Amino acid sequence: MDYLSEIEGKQAHDPMFLEKMKESSSSSSSCLCVPGPVIVGAGPSGLATAACLKEKGVPSVILERSNCIASLWQLKTYDRLRLHLPKQFCELPLMGFPTGFPTYPSKQQFVDYLEAYARKFDIKPRFNETVSQAEYDPTLGFWRVTSVGVKGKEMEYVCRWLVVATGENAEAMMPEMEGMGEFSGDIRHTSLYKSGEEFRGKRVLVVGCGNSGMEVCLDLCNHNARPSLVVRDTVHVLPQEMLGTSTFGLSMWLLKWFPLRLVDRFLLIVSWLMLGDTARFGLARPHLGPLQLKNLSGKTPVLDVGTLAKIKSGDIKVRPSIKSLKRHAVEFVNGTTENFDAIILATGYKSNVPFWLKEKVMFSEKDGYPRRPFPNGWKGEYGLYAVGFTKRGLLGTSMDAIRIAEDIQRCWKEEAKHRLAFTNSLLHQSSSL
């Protein structure tokens, strides 16, 4: 199905079209017409979309800047990481986890699952291709996607549909702190943190009290480091399990029967009974409930896996926001100063979409997320789609992937009918000559 040839045939006498094709052919980059969609990103979002498309008979091409699938999981996560939610909420469409996997699979088990998923659906991304630009060409009626390979070679892909699957965690967020260049110790983002073993016996300051920051602190404790945790904002800490089941699973079940505010109240009461008043230990709760806050801002509550007990025992110290860094020390906003050997920045990630996608309608230039909130942010104009931007984890990713595949399949079938009618018309004209 050579779409480019078909369009060229339809517009053979269009001067603007011919000029565009001339410019494309004179470019130093190679050009490839893709019959189905181009998917940018070979993480769980890209894999899920490619699998759903293949199941519906629609081929796709995945472009991935790294040398492996799920590069965030394989290359930028710490060793002790496990899925924070039960496996049934983290499955990709069309294939569940192996029955022998635990409730909360480890990092390596999840990577093994993704690799088995890619094998099952014969998904073969084009690795080491960094998309530098993607733009819709109204003259062609197609997307033009430019990628750069490891040796700087450019490749242009022309496609009818473009799926943005680079997700919410494309680039590490590195905050600016006064005196950052003066600090003599190690400063690194959690994307470069693997294990507390290399920090054994050292004083380590972890900045950020989300799930990653809390778990890194616990890992440092388990390797006999001396961690402190910077808590810059309010945070909901919930037990990972309540009443013998996962907190997340229980919440989803309760929401089927009760309003969100009532479920939030229940979660906070049980959390108080199980964990106590977290504000006593420097972890004040937001005014909004955990589920309401998640829906409004995307801020995920912390599911405690043992860190709070270390905070209560004093093994992990809670500290306020940083005012400035010194050569061997950190000054906090409350006026105190402490010495540290290293700083770990658990400050999260951000989207990189505005840097390469030349489009201002569907995606916000400010944060790189779809402008329309869940569940309506998956589809834009001219065959543009987004997967993995729901702030609802792998469950949201699966929902997006299924919707996108269904929508593209519908377009695919409609365009196939038009192609057939066009071909029959040409054959009829030819036979009548």
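All figures in this text were calculated on a predicted structure; none of them were measured in a lab.
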*Could you tell me whether E171 and K350 make a salt bridge, using a distance below 4.0 angstrom between a side-chain N and a carboxylate O?*
no
*Report the C-alpha separation of Y385 and D400 in whole Å, then their side-chain angles, then the decisive distance to 0.1 Å, and conclude whether the side chain to side chain donor-acceptor pair (under 3.5 Å) test is met.*
CA-CA 9 Å; Y385 299 91; D400 280 346; over 6 Å; no
*Indicate the ring-plane relationship of F199 and Y193, choosing parallel, tilted or perpendicular according to the 30° and 60° boundaries.*
parallel
*asked:* Using the rule given for salt bridge (charged side-chain N to carboxylate O under 4.0 Å, His left out), can you reason through R410 versus E414, listing the C-alpha separation, both sets of side-chain angles and the distance that settles it, and then say yes or no?
replied: CA-CA 6 Å; R410 178 181 55 79; E414 288 177 359; 3.6 Å; yes
*Go through K194 and D79 one step at a time and tell me if the salt bridge (charged side-chain N to carboxylate O under 4.0 Å, His left out) criterion holds.*
CA-CA 5 Å; K194 293 301 178 185; D79 295 341; 5.4 Å; no
_Closest non-hydrogen atom pair, C217 against S228_ = SG-O, 4.3 Å
*Give me the one residue out of F142, W161, Y382 that meets ring pair (Phe, Tyr, Trp, His ring centres under 6.0 Å) with Y136.*
Y382
*Drop me the distance from L254's CG to L267's CG, to the nearest 0.5 angstrom.*
7.0 Å
*Count the heavy atoms belonging to other residues, nucleotides or ligands that lie under 6.0 Å from CZ of R265, then report whether that count exceeds 12.*
no
*Between the side chain of T245 and the main-chain N/O of E241, is any donor-acceptor distance below 3.5 Å?*
no
*Short side-chain to backbone donor-acceptor contact, T336 and F332, under 3.5 Å*: no
*Do you know which two heavy atoms are closest between C68 and F127, and how far apart they sit?*
C-CE2, 3.3 Å
*D112 and Q108: side chain donor to acceptor below 3.5 Å*: yes
*Ignoring hydrogens and geometry, is there a side-chain-to-backbone donor-acceptor pair from K107 to T77 under 3.5 Å?*
yes
*Are any non-hydrogen side-chain atoms of K202 and R226 less than 4.5 angstrom apart?*
no
*To the nearest 0.5 Å, what is the distance between CZ (R65) and OG (S71)?*
6.5 Å
*asked:* A side-chain contact here means heavy atoms from C-beta on lying under 4.5 Å apart; do L357 and L384 qualify?
replied: yes
*F89 and H84 aromatic centres sub-6.0 Å*: no
*Begin with the C-alpha distance, continue with both residues' side-chain angles, and end with the deciding distance and a verdict on side chain to side chain contact (heavy atoms under 4.5 Å, CB included) for M214 and V237.*
CA-CA 10 Å; M214 297 282 270; V237 180; 4.2 Å; yes
*Flag side-chain contact, heavy atom, 4.5 Å: P290 against D264*: yes
*So, D137 side chain and L140 main chain: donor-acceptor pair closer than 3.5 Å or not?*
yes
*Does the ring center of F363 lie less than 6.0 Å from the ring center of F389?*
yes
_R119 CZ to M95 CE distance, which is reported to the nearest 0.5 Å_ = 8.0 Å
*Indicate yes or no: does E198 engage R188 in a salt bridge with an N to O separation below 4.0 Å.*
yes
*asked:* Rounded to the nearest 0.5 Å, what separates atom CG in L296 from atom CG in L288?
replied: 6.0 Å
*Passes side chain to side chain donor-acceptor pair (under 3.5 Å), R200 versus H223? Steps please.*
CA-CA 6 Å; R200 188 176 293 274; H223 287 89; 4.9 Å; no
*Roughly how far apart are M177 CE and L325 CG, rounded to 0.5 Å?*
5.0 Å
*State whether the side chain of T103 and the backbone N or O of P86 hold a donor-acceptor pair below 3.5 Å, judged by distance alone.*
no
*pair R232-V207: side-chain heavy atoms closer than 4.5 Å*: yes
*asked:* Tell me whether K299 at atom NZ has more than 12 heavy atoms from other residues, nucleotides or ligands lying less than 6.0 Å away.
replied: yes
_Between K54 (side chain only) and F121 (backbone N and O only), is there a donor and an acceptor less than 3.5 Å apart?_
yes
*asked:* Hydrogens and angles aside, do K294 and T300 bring a side-chain donor and acceptor to less than 3.5 Å of each other?
replied: yes
*Does E156 reach the side chain of S30, with side-chain heavy atoms less than 4.5 Å apart?*
no
*Does the side chain to side chain donor-acceptor pair (under 3.5 Å) test come out yes or no for N295 and R392, once each step is laid out?*
CA-CA 9 Å; N295 283 347; R392 283 165 173 76; 3.2 Å; yes
*Between CG on residue D341 and NE2 on residue H328, distance to nearest 0.5 Å*: 10.0 Å
*Should E331 and K326 count as an ion pair when the cut-off is N to O under 4.0 Å?*
yes
*Is the number of heavy atoms from other residues, nucleotides or ligands under 6.0 Å of K56 NZ greater than 12?*
yes
*Compare every heavy atom of C31 with every heavy atom of V158, then report the nearest pair and how far apart it is.*
CG2-SG, 3.7 Å
*Given side chain to side chain contact (heavy atoms under 4.5 Å, CB included), test V163 with V38 step by step and report yes or no.*
CA-CA 6 Å; V163 180; V38 165; over 6 Å; no
*Is S271 reaching over with its side chain to a backbone N or O of L238, donor-acceptor style, under 3.5 angstrom?*
no
*Main-chain N/O of L303 paired to N211 side chain as donor or acceptor, under 3.5 Å*: yes
*Do other residues, nucleotides or ligands put more than 12 heavy atoms under 6.0 Å from E338 CD?*
yes
*Heavy atoms, side chains only, cut-off 4.5 Å: are Q74 and I69 in contact?*
yes
*With no hydrogens and no angle check, is any side-chain donor or acceptor of S132 less than 3.5 Å from a backbone partner on W356?*
no
*Less than 4.5 Å apart, any side-chain heavy atom of Q109 and any of P102?*
yes
_Exercise: identify the closest heavy-atom pair between Y78 and S212_ = OH-CA, 3.6 Å
*Could you tell me which non-hydrogen atom of A134 sits nearest to which non-hydrogen atom of L162, and how far apart they are?*
CB-CD2, 3.8 Å
*asked:* My understanding is that only one of Y117, W73, Y104, F101 makes a ring pair (Phe, Tyr, Trp, His ring centres under 6.0 Å) with F110; could you say which?
replied: W73
_For K358, is the NZ atom crowded, meaning more than 12 foreign heavy atoms sit under 6.0 Å from it?_
yes
*Hey, does the side chain of E359 reach the backbone of V361 with a donor-acceptor pair shorter than 3.5 angstrom?*
yes
*asked:* Test salt bridge (charged side-chain N to carboxylate O under 4.0 Å, His left out) on E215 and R82; report intermediate values, then the result.
replied: CA-CA 10 Å; E215 195 160 350; R82 305 184 80 87; over 6 Å; no
*Would you check, one step at a time, whether the test salt bridge (charged side-chain N to carboxylate O under 4.0 Å, His left out) holds for E129 with R126?*
CA-CA 7 Å; E129 289 206 33; R126 299 174 75 108; 3.3 Å; yes
*Provide the closest heavy-atom pair for T397 versus T390 in the form atom of the first, atom of the second, distance.*
N-OG1, 4.3 Å
_Pairwise side-chain contact, M155 with L32, heavy-atom cut-off 4.5 Å (strictly under)_ = yes
